[in-house]
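Down below is the structure, laid out as C-alpha coordinates.
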Amino acid sequence: MIKYDFIIIGSGIGGSVLGALLSKSKKVLLLEKDSNLGGYCASFKRNGFDFDVAIEAVNGIKNGQVVYNIFKQSGVLKKSPFTKPAVLYRSIYPDYDLRFPQANVKAYKKILYNLFKNEKKGIDQLIDEMGLIYNEIDALDKKRKLLKSPNIMKYYKATFEDLLNKFIKNEKLKAIISQYWVYCGVPPSMLSAITFAYIWHDYTCNGSYYPKYGMGIFINECANVIRKNGGIILKESEVCKIHVSDKKAIGIELADKTCYKADAFISNIDLRKTFDMLSEKNEDVAKLLEKSEEKEASISAFRVYLGLDVDLKKLGINDSAVFINPGYDLTKMYYASVNNNIELAPISVIIYSNLSSTLCSKGKSVVSITMLSGYDFWKSLDKRTYKSTKEKMADKLIKRAEVAIPKLQQYIIEKVIATPLTMERYTGNSHGAIYGWSKNNLYDDIRFMKVTTPIKNLFLSSHWTKIGGGIAGVARAAEKTYRLLNAKGK
(Lines give C-alpha, C1' and ligand atoms only; values in the text may rest on other atoms or scores of the structure.)
Protein backbone atom coordinates (compact mmCIF):
# COMPACT_ATOMS: atom_id res chain seq x y z
CA MET A 1 0.00 0.00 0.00
CA ILE A 2 1.35 3.43 -1.01
CA LYS A 3 1.63 5.86 1.86
CA TYR A 4 1.27 9.58 1.18
CA ASP A 5 2.40 12.58 3.16
CA PHE A 6 -1.04 14.15 2.78
CA ILE A 7 -4.43 12.95 1.62
CA ILE A 8 -6.95 15.66 0.76
CA ILE A 9 -10.64 14.78 0.66
CA GLY A 10 -12.56 16.94 -1.82
CA SER A 11 -11.30 19.11 -4.68
CA GLY A 12 -13.17 22.34 -3.96
CA ILE A 13 -11.09 25.51 -3.91
CA GLY A 14 -9.75 24.73 -0.43
CA GLY A 15 -8.62 21.24 -1.38
CA SER A 16 -7.25 22.19 -4.80
CA VAL A 17 -5.27 25.23 -3.64
CA LEU A 18 -3.97 23.42 -0.56
CA GLY A 19 -2.97 20.48 -2.75
CA ALA A 20 -1.02 22.80 -5.05
CA LEU A 21 0.75 24.36 -2.06
CA LEU A 22 1.60 21.07 -0.34
CA SER A 23 2.66 19.22 -3.48
CA LYS A 24 5.68 21.50 -3.90
CA SER A 25 7.53 19.51 -1.25
CA LYS A 26 5.29 16.60 -0.22
CA LYS A 27 3.61 13.55 -1.73
CA VAL A 28 -0.08 14.43 -2.11
CA LEU A 29 -3.18 12.40 -2.96
CA LEU A 30 -6.33 14.39 -3.81
CA LEU A 31 -9.62 12.47 -3.83
CA GLU A 32 -12.82 13.73 -5.48
CA LYS A 33 -16.14 11.89 -5.42
CA ASP A 34 -17.43 13.50 -8.62
CA SER A 35 -16.22 13.18 -12.21
CA ASN A 36 -15.47 16.94 -12.22
CA LEU A 37 -12.98 18.71 -9.99
CA GLY A 38 -13.80 21.87 -8.08
CA GLY A 39 -17.03 21.50 -6.09
CA TYR A 40 -18.79 24.86 -6.40
CA CYS A 41 -15.80 26.06 -8.42
CA ALA A 42 -16.31 23.39 -11.06
CA SER A 43 -17.44 24.05 -14.60
CA PHE A 44 -19.26 21.88 -17.11
CA LYS A 45 -19.74 21.89 -20.88
CA ARG A 46 -22.94 21.69 -22.89
CA ASN A 47 -22.94 21.92 -26.69
CA GLY A 48 -20.08 24.39 -26.99
CA PHE A 49 -20.89 26.41 -23.86
CA ASP A 50 -18.78 26.42 -20.68
CA PHE A 51 -20.82 27.00 -17.53
CA ASP A 52 -19.45 27.78 -14.08
CA VAL A 53 -21.36 25.83 -11.44
CA ALA A 54 -21.64 28.71 -8.99
CA ILE A 55 -18.80 31.24 -8.87
CA GLU A 56 -19.40 34.65 -10.41
CA ALA A 57 -17.09 36.98 -8.52
CA VAL A 58 -13.97 36.66 -6.39
CA ASN A 59 -12.67 39.11 -3.81
CA GLY A 60 -9.22 39.33 -2.24
CA ILE A 61 -7.36 39.16 -5.59
CA LYS A 62 -5.89 42.67 -5.54
CA ASN A 63 -2.11 42.43 -5.87
CA GLY A 64 -0.64 41.97 -2.41
CA GLN A 65 -3.84 40.81 -0.69
CA VAL A 66 -3.94 37.58 1.27
CA VAL A 67 -5.89 35.56 -1.30
CA TYR A 68 -3.79 36.89 -4.18
CA ASN A 69 -0.64 35.85 -2.33
CA ILE A 70 -2.06 32.37 -1.66
CA PHE A 71 -2.88 31.81 -5.32
CA LYS A 72 0.47 33.21 -6.40
CA GLN A 73 2.33 31.00 -3.94
CA SER A 74 0.45 27.95 -5.17
CA GLY A 75 1.71 28.64 -8.69
CA VAL A 76 -1.64 28.94 -10.51
CA LEU A 77 -1.79 32.65 -11.39
CA LYS A 78 0.65 32.63 -14.31
CA LYS A 79 -1.50 30.43 -16.53
CA SER A 80 -4.84 31.36 -14.97
CA PRO A 81 -4.79 35.10 -14.17
CA PHE A 82 -7.75 37.10 -12.87
CA THR A 83 -9.34 40.10 -14.57
CA LYS A 84 -11.48 42.93 -13.19
CA PRO A 85 -14.69 43.99 -14.99
CA ALA A 86 -15.18 47.71 -15.62
CA VAL A 87 -18.37 47.92 -13.52
CA LEU A 88 -18.77 46.31 -10.10
CA TYR A 89 -22.47 45.55 -10.60
CA ARG A 90 -25.80 46.93 -11.77
CA SER A 91 -28.50 47.12 -9.11
CA ILE A 92 -32.15 47.42 -10.10
CA TYR A 93 -34.80 48.44 -7.54
CA PRO A 94 -38.39 49.64 -8.16
CA ASP A 95 -37.24 53.28 -8.10
CA TYR A 96 -33.60 53.02 -9.09
CA ASP A 97 -31.39 51.52 -11.77
CA LEU A 98 -27.79 51.96 -10.64
CA ARG A 99 -24.37 50.94 -11.90
CA PHE A 100 -21.68 51.01 -9.26
CA PRO A 101 -18.02 51.59 -10.17
CA GLN A 102 -15.24 49.09 -9.73
CA ALA A 103 -12.89 49.81 -6.80
CA ASN A 104 -13.78 53.51 -6.61
CA VAL A 105 -15.28 54.44 -3.25
CA LYS A 106 -15.37 58.14 -4.06
CA ALA A 107 -17.54 57.50 -7.12
CA TYR A 108 -19.67 54.99 -5.16
CA LYS A 109 -20.34 57.61 -2.50
CA LYS A 110 -21.17 60.26 -5.10
CA ILE A 111 -23.95 58.08 -6.53
CA LEU A 112 -25.50 57.77 -3.07
CA TYR A 113 -25.00 61.44 -2.23
CA ASN A 114 -26.93 62.47 -5.35
CA LEU A 115 -29.86 60.22 -4.47
CA PHE A 116 -29.95 60.82 -0.72
CA LYS A 117 -28.60 64.31 -0.07
CA ASN A 118 -29.55 64.35 3.62
CA GLU A 119 -27.62 61.14 4.32
CA LYS A 120 -24.14 62.29 3.27
CA LYS A 121 -22.66 62.33 6.78
CA GLY A 122 -24.11 58.93 7.65
CA ILE A 123 -22.87 57.39 4.40
CA ASP A 124 -19.34 58.60 5.15
CA GLN A 125 -19.44 57.37 8.73
CA LEU A 126 -20.84 53.94 7.80
CA ILE A 127 -18.25 53.36 5.08
CA ASP A 128 -15.44 54.47 7.40
CA GLU A 129 -16.69 52.10 10.11
CA MET A 130 -16.84 49.17 7.68
CA GLY A 131 -13.27 49.98 6.63
CA LEU A 132 -12.09 49.74 10.23
CA ILE A 133 -13.81 46.37 10.66
CA TYR A 134 -12.26 45.10 7.42
CA ASN A 135 -8.78 46.11 8.54
CA GLU A 136 -9.17 44.26 11.83
CA ILE A 137 -10.43 41.08 10.17
CA ASP A 138 -7.57 41.28 7.70
CA ALA A 139 -5.13 41.67 10.58
CA LEU A 140 -6.35 38.43 12.18
CA ASP A 141 -4.51 36.59 9.41
CA LYS A 142 -1.33 38.21 10.72
CA LYS A 143 -1.85 36.59 14.13
CA ARG A 144 -3.39 39.66 15.72
CA LYS A 145 -5.45 38.61 18.73
CA LEU A 146 -9.22 38.94 18.58
CA LEU A 147 -9.36 40.79 21.89
CA LYS A 148 -7.05 43.45 20.42
CA SER A 149 -9.57 44.18 17.67
CA PRO A 150 -11.83 46.88 19.21
CA ASN A 151 -14.26 47.18 16.29
CA ILE A 152 -14.74 43.43 16.01
CA MET A 153 -15.42 43.27 19.72
CA LYS A 154 -17.70 46.30 19.43
CA TYR A 155 -19.92 44.65 16.82
CA TYR A 156 -19.41 40.93 17.44
CA LYS A 157 -23.07 40.48 18.49
CA ALA A 158 -24.48 43.11 16.12
CA THR A 159 -26.38 42.50 12.92
CA PHE A 160 -25.63 44.56 9.85
CA GLU A 161 -29.06 46.11 10.34
CA ASP A 162 -27.84 47.37 13.73
CA LEU A 163 -24.82 48.93 12.04
CA LEU A 164 -26.96 50.48 9.30
CA ASN A 165 -29.42 51.95 11.79
CA LYS A 166 -26.59 53.64 13.63
CA PHE A 167 -25.74 55.82 10.62
CA ILE A 168 -28.50 55.63 7.98
CA LYS A 169 -32.16 56.66 8.25
CA ASN A 170 -33.63 56.11 4.78
CA GLU A 171 -34.89 52.54 4.32
CA LYS A 172 -34.31 52.56 0.55
CA LEU A 173 -30.72 53.67 1.03
CA LYS A 174 -30.19 50.86 3.55
CA ALA A 175 -31.38 48.33 0.98
CA ILE A 176 -29.16 49.75 -1.76
CA ILE A 177 -26.04 49.66 0.41
CA SER A 178 -26.93 46.09 1.45
CA GLN A 179 -27.04 44.67 -2.08
CA TYR A 180 -24.28 42.17 -1.40
CA TRP A 181 -26.38 40.49 1.30
CA VAL A 182 -27.28 37.88 -1.32
CA TYR A 183 -23.60 36.86 -1.33
CA CYS A 184 -23.96 36.12 2.38
CA GLY A 185 -27.23 34.21 2.29
CA VAL A 186 -29.13 36.09 5.02
CA PRO A 187 -30.57 39.64 5.13
CA PRO A 188 -29.15 42.51 7.23
CA SER A 189 -31.64 41.78 10.03
CA MET A 190 -29.94 38.39 10.55
CA LEU A 191 -26.50 38.96 9.03
CA SER A 192 -23.37 39.49 11.11
CA ALA A 193 -22.28 43.14 10.90
CA ILE A 194 -18.66 42.01 10.81
CA THR A 195 -19.22 39.57 7.97
CA PHE A 196 -21.00 42.07 5.75
CA ALA A 197 -18.61 44.92 6.52
CA TYR A 198 -15.69 42.74 5.46
CA ILE A 199 -17.30 41.55 2.25
CA TRP A 200 -18.65 44.98 1.31
CA HIS A 201 -15.30 46.68 1.79
CA ASP A 202 -13.29 44.04 -0.05
CA TYR A 203 -15.56 43.92 -3.10
CA THR A 204 -16.36 47.64 -3.27
CA CYS A 205 -13.02 49.13 -2.29
CA ASN A 206 -10.52 46.51 -3.50
CA GLY A 207 -12.44 45.10 -6.44
CA SER A 208 -14.35 42.14 -7.79
CA TYR A 209 -12.42 39.70 -9.99
CA TYR A 210 -13.00 36.72 -12.26
CA PRO A 211 -10.57 34.18 -13.80
CA LYS A 212 -9.64 35.34 -17.31
CA TYR A 213 -10.34 31.90 -18.80
CA GLY A 214 -13.14 30.83 -16.48
CA MET A 215 -13.30 29.20 -13.05
CA GLY A 216 -12.98 25.70 -14.48
CA ILE A 217 -9.63 26.53 -16.04
CA PHE A 218 -8.43 27.89 -12.70
CA ILE A 219 -9.31 24.63 -10.95
CA ASN A 220 -7.71 22.63 -13.76
CA GLU A 221 -4.54 24.67 -13.37
CA CYS A 222 -4.47 23.80 -9.65
CA ALA A 223 -4.72 20.15 -10.69
CA ASN A 224 -1.92 20.62 -13.25
CA VAL A 225 0.35 22.05 -10.55
CA ILE A 226 -0.39 19.09 -8.26
CA ARG A 227 0.34 16.55 -11.01
CA LYS A 228 3.45 18.42 -12.19
CA ASN A 229 4.79 18.22 -8.65
CA GLY A 230 4.22 14.47 -8.54
CA GLY A 231 0.88 14.46 -6.76
CA ILE A 232 -1.97 12.08 -7.62
CA ILE A 233 -5.59 13.09 -8.27
CA LEU A 234 -8.35 10.48 -8.33
CA LYS A 235 -11.85 11.38 -9.53
CA GLU A 236 -14.98 9.35 -8.82
CA SER A 237 -13.28 8.25 -5.61
CA GLU A 238 -15.62 8.91 -2.72
CA VAL A 239 -14.25 8.52 0.79
CA CYS A 240 -16.69 6.61 3.01
CA LYS A 241 -14.60 6.08 6.15
CA ILE A 242 -11.74 7.74 8.02
CA HIS A 243 -9.96 5.12 10.10
CA VAL A 244 -9.04 6.28 13.60
CA SER A 245 -6.90 4.59 16.21
CA ASP A 246 -6.19 6.03 19.65
CA LYS A 247 -7.71 9.42 18.66
CA LYS A 248 -5.45 9.59 15.61
CA ALA A 249 -6.41 9.40 11.92
CA ILE A 250 -4.39 6.64 10.26
CA GLY A 251 -6.11 5.98 6.93
CA ILE A 252 -9.13 6.41 4.68
CA GLU A 253 -11.36 3.94 2.89
CA LEU A 254 -13.18 4.50 -0.40
CA ALA A 255 -16.63 3.23 -1.32
CA ASP A 256 -14.97 0.42 -3.33
CA LYS A 257 -13.05 -0.65 -0.18
CA THR A 258 -9.70 0.69 -1.43
CA CYS A 259 -7.66 2.02 1.49
CA TYR A 260 -4.91 4.64 1.66
CA LYS A 261 -2.62 5.76 4.45
CA ALA A 262 -0.95 9.13 5.08
CA ASP A 263 0.82 11.16 7.73
CA ALA A 264 -2.07 13.64 7.75
CA PHE A 265 -5.54 14.05 6.26
CA ILE A 266 -7.32 17.24 5.23
CA SER A 267 -11.07 17.43 4.65
CA ASN A 268 -12.45 19.92 2.16
CA ILE A 269 -15.97 18.50 2.39
CA ASP A 270 -19.06 18.93 4.56
CA LEU A 271 -18.08 19.13 8.22
CA ARG A 272 -20.76 16.84 9.63
CA LYS A 273 -20.11 14.25 6.95
CA THR A 274 -16.40 14.39 7.77
CA PHE A 275 -16.98 13.50 11.41
CA ASP A 276 -19.71 10.98 10.62
CA MET A 277 -17.11 9.01 8.62
CA LEU A 278 -14.81 8.53 11.60
CA SER A 279 -14.43 4.88 12.56
CA GLU A 280 -14.09 5.96 16.20
CA LYS A 281 -15.56 9.05 17.88
CA ASN A 282 -14.20 10.35 21.16
CA GLU A 283 -15.95 12.63 23.64
CA ASP A 284 -14.54 15.78 22.05
CA VAL A 285 -15.86 14.79 18.62
CA ALA A 286 -19.26 14.02 20.12
CA LYS A 287 -19.36 17.48 21.71
CA LEU A 288 -18.36 19.13 18.45
CA LEU A 289 -21.06 17.26 16.54
CA GLU A 290 -23.61 18.20 19.19
CA LYS A 291 -22.56 21.84 18.87
CA SER A 292 -22.79 21.66 15.08
CA GLU A 293 -26.41 20.52 15.35
CA GLU A 294 -27.18 23.85 17.02
CA LYS A 295 -25.78 25.70 14.03
CA GLU A 296 -27.61 26.30 10.79
CA ALA A 297 -26.23 25.60 7.35
CA SER A 298 -26.49 28.46 4.87
CA ILE A 299 -29.26 28.72 2.32
CA SER A 300 -28.89 27.02 -1.07
CA ALA A 301 -29.68 28.27 -4.57
CA PHE A 302 -31.84 27.69 -7.63
CA ARG A 303 -29.83 28.37 -10.78
CA VAL A 304 -30.53 28.42 -14.50
CA TYR A 305 -27.63 28.17 -16.95
CA LEU A 306 -28.28 29.55 -20.44
CA GLY A 307 -26.41 29.40 -23.73
CA LEU A 308 -27.54 32.13 -26.16
CA ASP A 309 -27.17 32.36 -29.93
CA VAL A 310 -26.37 36.07 -29.77
CA ASP A 311 -23.43 38.19 -28.65
CA LEU A 312 -25.01 40.40 -26.00
CA LYS A 313 -22.24 42.97 -26.31
CA LYS A 314 -23.31 43.59 -29.90
CA LEU A 315 -26.78 44.39 -28.54
CA GLY A 316 -25.20 47.00 -26.29
CA ILE A 317 -25.48 44.88 -23.14
CA ASN A 318 -22.10 45.22 -21.43
CA ASP A 319 -23.05 44.40 -17.84
CA SER A 320 -21.56 41.34 -16.22
CA ALA A 321 -23.48 41.27 -12.92
CA VAL A 322 -27.06 42.52 -12.48
CA PHE A 323 -29.11 42.28 -9.28
CA ILE A 324 -32.89 42.58 -9.66
CA ASN A 325 -34.72 43.49 -6.46
CA PRO A 326 -38.54 43.51 -6.29
CA GLY A 327 -38.63 45.76 -3.22
CA TYR A 328 -36.73 47.22 -0.25
CA ASP A 329 -37.78 44.91 2.57
CA LEU A 330 -34.79 42.56 2.48
CA THR A 331 -36.05 40.29 5.25
CA LYS A 332 -39.28 39.79 3.35
CA MET A 333 -37.30 39.02 0.19
CA TYR A 334 -35.15 36.53 2.08
CA TYR A 335 -38.18 34.55 3.25
CA ALA A 336 -39.55 34.68 -0.29
CA SER A 337 -36.30 32.96 -1.32
CA VAL A 338 -36.59 30.38 1.45
CA ASN A 339 -40.11 29.59 0.30
CA ASN A 340 -39.20 29.80 -3.41
CA ASN A 341 -41.64 32.63 -4.13
CA ILE A 342 -39.97 33.81 -7.33
CA GLU A 343 -42.00 36.99 -7.81
CA LEU A 344 -40.93 38.40 -4.42
CA ALA A 345 -37.33 37.11 -4.26
CA PRO A 346 -34.24 38.97 -5.48
CA ILE A 347 -32.35 37.40 -8.38
CA SER A 348 -28.95 37.88 -9.98
CA VAL A 349 -28.17 37.74 -13.68
CA ILE A 350 -24.55 37.02 -14.55
CA ILE A 351 -23.37 37.44 -18.14
CA TYR A 352 -20.27 35.25 -18.02
CA SER A 353 -19.34 35.83 -21.66
CA ASN A 354 -18.90 39.51 -20.78
CA LEU A 355 -16.39 38.40 -18.13
CA SER A 356 -14.50 35.94 -20.33
CA SER A 357 -14.72 35.52 -24.11
CA THR A 358 -13.37 31.96 -23.86
CA LEU A 359 -16.57 30.41 -22.49
CA CYS A 360 -18.39 30.16 -25.82
CA SER A 361 -17.81 30.58 -29.54
CA LYS A 362 -17.99 33.92 -31.35
CA GLY A 363 -21.51 35.29 -31.69
CA LYS A 364 -22.77 33.41 -28.60
CA SER A 365 -23.22 34.28 -24.92
CA VAL A 366 -23.23 32.47 -21.56
CA VAL A 367 -25.64 33.62 -18.84
CA SER A 368 -26.76 32.33 -15.45
CA ILE A 369 -29.75 33.42 -13.38
CA THR A 370 -29.68 32.68 -9.66
CA MET A 371 -32.11 32.91 -6.77
CA LEU A 372 -31.37 31.96 -3.18
CA SER A 373 -33.54 28.93 -2.51
CA GLY A 374 -34.79 26.99 0.48
CA TYR A 375 -33.96 23.28 0.54
CA ASP A 376 -37.04 21.88 2.30
CA PHE A 377 -39.38 23.05 -0.45
CA TRP A 378 -37.56 20.92 -3.03
CA LYS A 379 -37.03 17.95 -0.75
CA SER A 380 -40.78 17.64 -0.18
CA LEU A 381 -41.63 17.23 -3.89
CA ASP A 382 -42.17 13.86 -5.55
CA LYS A 383 -40.11 13.09 -8.66
CA ARG A 384 -42.75 14.14 -11.19
CA THR A 385 -43.69 17.34 -9.39
CA TYR A 386 -40.03 18.19 -8.85
CA LYS A 387 -39.33 18.05 -12.59
CA SER A 388 -42.33 20.15 -13.62
CA THR A 389 -41.77 22.66 -10.80
CA LYS A 390 -38.16 23.37 -11.68
CA GLU A 391 -39.12 23.93 -15.35
CA LYS A 392 -41.90 26.36 -14.41
CA MET A 393 -39.63 28.22 -11.99
CA ALA A 394 -36.86 28.43 -14.58
CA ASP A 395 -39.29 29.99 -17.07
CA LYS A 396 -40.36 32.56 -14.48
CA LEU A 397 -36.74 33.42 -13.70
CA ILE A 398 -35.98 33.88 -17.39
CA LYS A 399 -38.98 36.20 -17.74
CA ARG A 400 -37.83 38.30 -14.78
CA ALA A 401 -34.29 38.45 -16.16
CA GLU A 402 -35.56 40.22 -19.29
CA VAL A 403 -35.30 43.45 -17.30
CA ALA A 404 -31.55 43.04 -17.73
CA ILE A 405 -31.59 41.22 -21.09
CA PRO A 406 -34.61 42.21 -23.21
CA LYS A 407 -36.11 39.36 -25.29
CA LEU A 408 -33.89 36.86 -23.47
CA GLN A 409 -36.23 33.94 -24.11
CA GLN A 410 -35.87 34.12 -27.89
CA TYR A 411 -32.05 33.80 -27.75
CA ILE A 412 -31.87 30.58 -25.68
CA ILE A 413 -30.44 27.51 -27.40
CA GLU A 414 -29.13 25.70 -24.31
CA LYS A 415 -30.67 25.49 -20.82
CA VAL A 416 -29.58 23.61 -17.70
CA ILE A 417 -31.40 23.87 -14.36
CA ALA A 418 -30.00 23.22 -10.88
CA THR A 419 -31.92 23.12 -7.59
CA PRO A 420 -30.69 22.82 -3.99
CA LEU A 421 -30.98 19.03 -4.43
CA THR A 422 -28.59 19.29 -7.38
CA MET A 423 -26.17 21.31 -5.26
CA GLU A 424 -26.34 18.73 -2.49
CA ARG A 425 -25.85 15.81 -4.87
CA TYR A 426 -22.77 17.16 -6.60
CA THR A 427 -20.99 18.82 -3.68
CA GLY A 428 -22.13 16.73 -0.73
CA ASN A 429 -22.90 19.88 1.27
CA SER A 430 -25.70 19.53 3.83
CA HIS A 431 -28.94 20.83 2.32
CA GLY A 432 -27.00 22.11 -0.67
CA ALA A 433 -25.50 24.89 1.46
CA ILE A 434 -23.62 27.38 -0.71
CA TYR A 435 -21.84 29.38 2.01
CA GLY A 436 -21.02 26.82 4.71
CA TRP A 437 -22.58 27.93 7.99
CA SER A 438 -25.23 30.62 8.04
CA LYS A 439 -23.53 34.02 8.35
CA ASN A 440 -25.50 35.25 11.33
CA ASN A 441 -22.69 35.18 13.89
CA LEU A 442 -19.11 35.53 12.68
CA TYR A 443 -17.70 35.70 16.20
CA ASP A 444 -19.27 32.34 17.04
CA ASP A 445 -17.86 30.86 13.82
CA ILE A 446 -14.37 32.06 14.71
CA ARG A 447 -14.58 30.36 18.10
CA PHE A 448 -16.48 27.27 16.93
CA MET A 449 -14.56 25.64 14.12
CA LYS A 450 -10.85 25.95 13.54
CA VAL A 451 -8.87 24.11 10.88
CA THR A 452 -7.74 21.64 13.54
CA THR A 453 -10.01 18.88 14.90
CA PRO A 454 -10.21 16.70 18.03
CA ILE A 455 -8.67 13.91 15.94
CA LYS A 456 -4.90 14.05 15.63
CA ASN A 457 -3.66 14.33 12.02
CA LEU A 458 -7.12 15.33 10.73
CA PHE A 459 -7.46 18.92 9.53
CA LEU A 460 -10.04 21.03 7.69
CA SER A 461 -9.82 23.32 4.68
CA SER A 462 -13.31 24.35 3.66
CA HIS A 463 -16.10 26.90 3.96
CA TRP A 464 -17.19 25.22 7.19
CA THR A 465 -14.24 26.78 9.06
CA LYS A 466 -13.44 30.24 10.38
CA ILE A 467 -14.48 33.05 8.01
CA GLY A 468 -15.82 30.55 5.53
CA GLY A 469 -17.94 31.15 2.46
CA GLY A 470 -16.90 32.33 -0.96
CA ILE A 471 -13.56 31.83 -2.69
CA ALA A 472 -11.71 34.23 -0.41
CA GLY A 473 -12.95 32.63 2.82
CA VAL A 474 -12.07 29.12 1.69
CA ALA A 475 -8.69 30.18 0.28
CA ARG A 476 -7.89 31.69 3.67
CA ALA A 477 -8.82 28.40 5.35
CA ALA A 478 -6.47 26.58 2.96
CA GLU A 479 -3.67 29.00 3.76
CA LYS A 480 -4.21 28.60 7.51
CA THR A 481 -4.08 24.82 7.18
CA TYR A 482 -0.95 25.01 5.05
CA ARG A 483 0.74 27.33 7.53
CA LEU A 484 -0.23 25.06 10.44
CA LEU A 485 1.03 21.90 8.74
CA ASN A 486 4.35 23.59 7.99
CA ALA A 487 4.65 24.79 11.57
CA LYS A 488 4.03 21.23 12.80
CA GLY A 489 6.67 19.92 10.42
CA LYS A 490 4.20 17.64 8.70
Side-chain angles (χ1 to χ4, degrees), residues 13-14 16-24 38 41 52 55-89 100-109 127-128 130-144 180 183 195 197-226 228 320-321 350 352 354-358 461 463 466-483 486:
I13 195 71
S16 292
V17 170
L18 182 59
L21 289 167
L22 292 172
S23 66
K24 292 187 296 183
C41 294
D52 277 5
I55 303 304
E56 55 203 48
V58 183
N59 58 313
I61 308 297
K62 184 179 178 181
N63 195 332
Q65 283 189 274
V66 174
V67 179
Y68 173 89
N69 290 338
I70 296 168
F71 289 166
K72 184 178 180 181
Q73 187 180 2
S74 67
V76 299
L77 284 184
K78 285 185 179 181
K79 292 187 178 180
S80 185
F82 283 73
T83 61
K84 187 163 62 173
V87 175
L88 186 62
Y89 62 83
F100 287 101
Q102 180 72 262
N104 188 336
V105 180
K106 186 179 289 187
Y108 179 96
K109 286 182 178 181
I127 289 175
D128 287 346
M130 289 196 288
L132 293 174
I133 294 170
Y134 171 86
N135 290 334
E136 289 184 2
I137 288 289
D138 204 45
L140 289 178
D141 285 304
K142 302 176 178 65
K143 299 183 179 181
R144 179 175 177 174
Y180 270 138
Y183 281 179
T195 297
Y198 182 88
I199 289 173
W200 184 93
H201 182 94
D202 204 8
Y203 274 112
T204 310
C205 301
N206 296 326
S208 173
Y209 296 78
Y210 182 77
K212 185 176 181 179
Y213 306 113
M215 201 68 221
I217 299 298
F218 179 80
I219 287 294
N220 287 340
E221 187 54 33
C222 290
N224 289 339
V225 170
I226 294 171
K228 183 180 178 181
S320 57
I350 308 300
Y352 280 95
N354 284 355
L355 290 168
S356 173
S357 61
T358 66
S461 176
H463 64 185
K466 291 285 188 176
I467 313 167
I471 298 292
V474 182
R476 286 169 178 267
E479 193 274 339
K480 290 178 190 297
T481 306
Y482 177 66
R483 192 194 317 156
N486 279 342

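The analysis underlying the following values was restricted to heavy atoms, covering all of them including side chains, and did not include hydrogens, waters or symmetry mates.
Residues satisfying the side-chain hydrogen bond (donor to acceptor under 3.5 Å, both in side chains) test with S23, not counting sequence neighbours, are N229. Taking the side-chain contact (heavy atoms from CB on, under 4.5 Å) definition, one finds that L132 meets it with E129, N151, sequence neighbours left out. Residues meeting the side-chain contact (heavy atoms from CB on, under 4.5 Å) test with V105, sequence neighbours left out: K109, I127, C205. Partners of S80 according to the side-chain hydrogen bond (donor to acceptor under 3.5 Å, both in side chains) rule, which considers only residues two or more places apart in sequence or in another chain, do not exist here.
Scanning both residues, P101 and N104, for their nearest heavy atoms gives CG-O, 3.6 Å. The nearest pair of heavy atoms linking S208 to L88 is CB-CD1, 3.6 Å. Here the closest heavy-atom approach between residue C222 and residue A20 is recorded as O-CB, 4.2 Å.
To the nearest 0.5 Å, atom OH of residue Y203 and atom CD of residue Q102 are 10.5 Å apart. Here the CH2 atom belonging to W200 is positioned 11.5 Å from the CD1 atom belonging to I133, to the nearest 0.5 angstrom. Atom CD1 in I199 sits 11.5 Å away from atom CE in M130 (nearest 0.5 Å). Separation of atoms NE2 (H201) and CD1 (I137) is listed at 12.0 Å; rounding is to 0.5 Å.
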Validation: residues 56-71 side-chain donor-acceptor distances under 3.5 Å, sequence neighbours left out:
unit_1	atom_1	unit_2	atom_2	d
E56	OE1	R303	NH1	3.3
E56	OE2	Y183	OH	2.9
N59	ND2	D202	OD2	2.9
Q65	OE1	K62	N	3.0
Q65	NE2	Y134	OH	3.0
Q65	NE2	D202	OD1	2.9
N69	ND2	G64	O	3.1
N69	ND2	Q65	O	3.3

Return a table of donor-acceptor pairs under 3.5 angstrom between the side chains of residues 210-221 and protein atoms on other chains or two or more places apart.
unit_1	atom_1	unit_2	atom_2	d
Y210	OH	D52	OD2	2.6
N220	ND2	G216	O	3.3
E221	OE1	N224	ND2	3.4

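Using a 4.5 Å heavy-atom cutoff, the side chains of S320 and V87 are not in contact. V474 is not listed as a side-chain neighbour of V17, based on a closest heavy-atom distance of 4.5 Å or more.
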Could you walk me through whether I471 and C41 pass the side chain to side chain contact (heavy atoms under 4.5 Å, CB included) check? CA-CA 8 Å; I471 298 292; C41 294; 3.1 Å; yes

